[in-house]
Amino acid sequence: MRVGVLTGGGDCPGLNAVIRAVVRKGVSEYGYEFVGFRDGWKGPLEGLTSTLGIAEVRGILPRGGTILGSSRTNPIKVDGGVDRIKSNLADLGVDALIAIGGEDTLGVATKLHDLDVPVVGVPKTIDNDLSATDYTFGFDTAVNIASEAIDRLHTTAESHHRALVVEVMGRHAGWIALHAGISGGANAILIPEVPFDLDEVISWVTSRFESHYAPIIVVAEGALPKDGDLITKDTTLDAFGHVKLSGIGDWLASAIEARTGKEARTSVLGHIQRGGTPTAFDRVLATRFGLQAIDAIHDRDFGVMVALRGTDIVRVPLADGTGVLKTVPMSRYEEVRTFFG
Ligand code: F6P
């Protein structure tokens, strides 16, 4: 069997650990050959490949990013895109595909499976917002990076008696903000799922200053004020129709300065959360996903996604993973409000 592998969407620590596990088990236990597709769905669409074998995956376990490259190419939006993918796979003798990606990449995989392309999905996103899996790899790394940043920001904020707003990633789901905010001892956590009341945020900031501590506000980039719109610096859309986020942190710091008369600064963590070496948790999860994905290929169990349920890796229909986003439940948010202010 000849298996194609691609990584699509925003990169995420642990992608290389998946690729390594897929190739190591595929070659040594099943005698498979592999084709690396470059830059997400652009690879099969344009026939862009790279050699993928044991030599290529040596030493990549701790490396961030993806040796295959990534992109947000959407072949469904390209005229004749699906037919081009099918004919490129046939020309290259590729029997099945492993697509490693988030909502968008796996959404394409779901549609291709419906059109008879044999595909198995591996969920990835630092946002941890895919349904049907308890965790995605990359999330733990992002939370640790953000949590360490918050620890550092506490000491400088205290020295200058300033408010510090920390903007973290999280387009539709506030999991990174929630977990990093809890572990970093934030005085307010603002997430996309719960539009915030600016008056309430100002009262938390004020009470924190009154107790002679410097407030730290963690805000997800997709968070928005009640009765307000998403605040962004850039309005261009990607191939999946997503606007580029970031801007809410600066907006909030300006509002805090204007309303409290105290200094406020913003730290936008941005892609630092996605780069560099994965945590041990993410390496293990990514490795287990890779091992199970190649087993699904071996079983010819196409149209599935591997997923973490408790401590087990299971297979679920691809459509279950991408149909509905896994957002932070209100009860999870409510339980940490005791720390706000
Ligand atoms: O989807 C994962 C993610 O990291 C989001 O949290 C963020 O909004 C987006 O990707 C950023 O994408 P890009 O790297 O294309 O700017």
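In listed order, ligands and their atoms are each counted from 1.
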Under 3.5 Å, side-chain donor or acceptor atoms of residues 1-13 against the rest of the protein: list the pairs with distances, not counting sequence neighbours.
residue : atom : partner : partner atom : Å
R2      : NE   : L92     : O            : 2.8
R2      : NH1  : E33     : OE1          : 2.8
T7      : OG1  : T66     : OG1          : 2.9
T7      : OG1  : G69     : O            : 2.8
D11     : OD1  : R274    : NE           : 3.0
D11     : OD1  : R274    : NH2          : 3.4

Salt bridge K25-D295, side-chain N to carboxylate O under 4.0 Å: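 Yes, K25 and D295 are salt-bridged.
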Would you say the ring centroid of F209 lies under 6.0 angstrom from that of H161?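 Here the rings of H161 and F209 have centres that are no less than 6.0 Å from each other.
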Exactly which residues line ligand 1, taking a heavy atom under 4.0 Å from it as the test?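 Correct list: R72, I126, D127, M169, G170, R171, E221, H271, R274.
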Distance-only polar pair, side chains of D282 and T141, donor-acceptor under 3.5 Å: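 There is such a pair between these side chains.
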All side chain to side chain donor-acceptor pair (under 3.5 Å) counterparts of S211, not counting sequence neighbours: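 Applying side chain to side chain donor-acceptor pair (under 3.5 Å) to S211 gives none.
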For T49, enumerate each residue passing the side chain to side chain donor-acceptor pair (under 3.5 Å) test, keeping only those at least two apart in sequence or located in another chain.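 For T49, no residue satisfies side chain to side chain donor-acceptor pair (under 3.5 Å) once neighbours in sequence are set aside.
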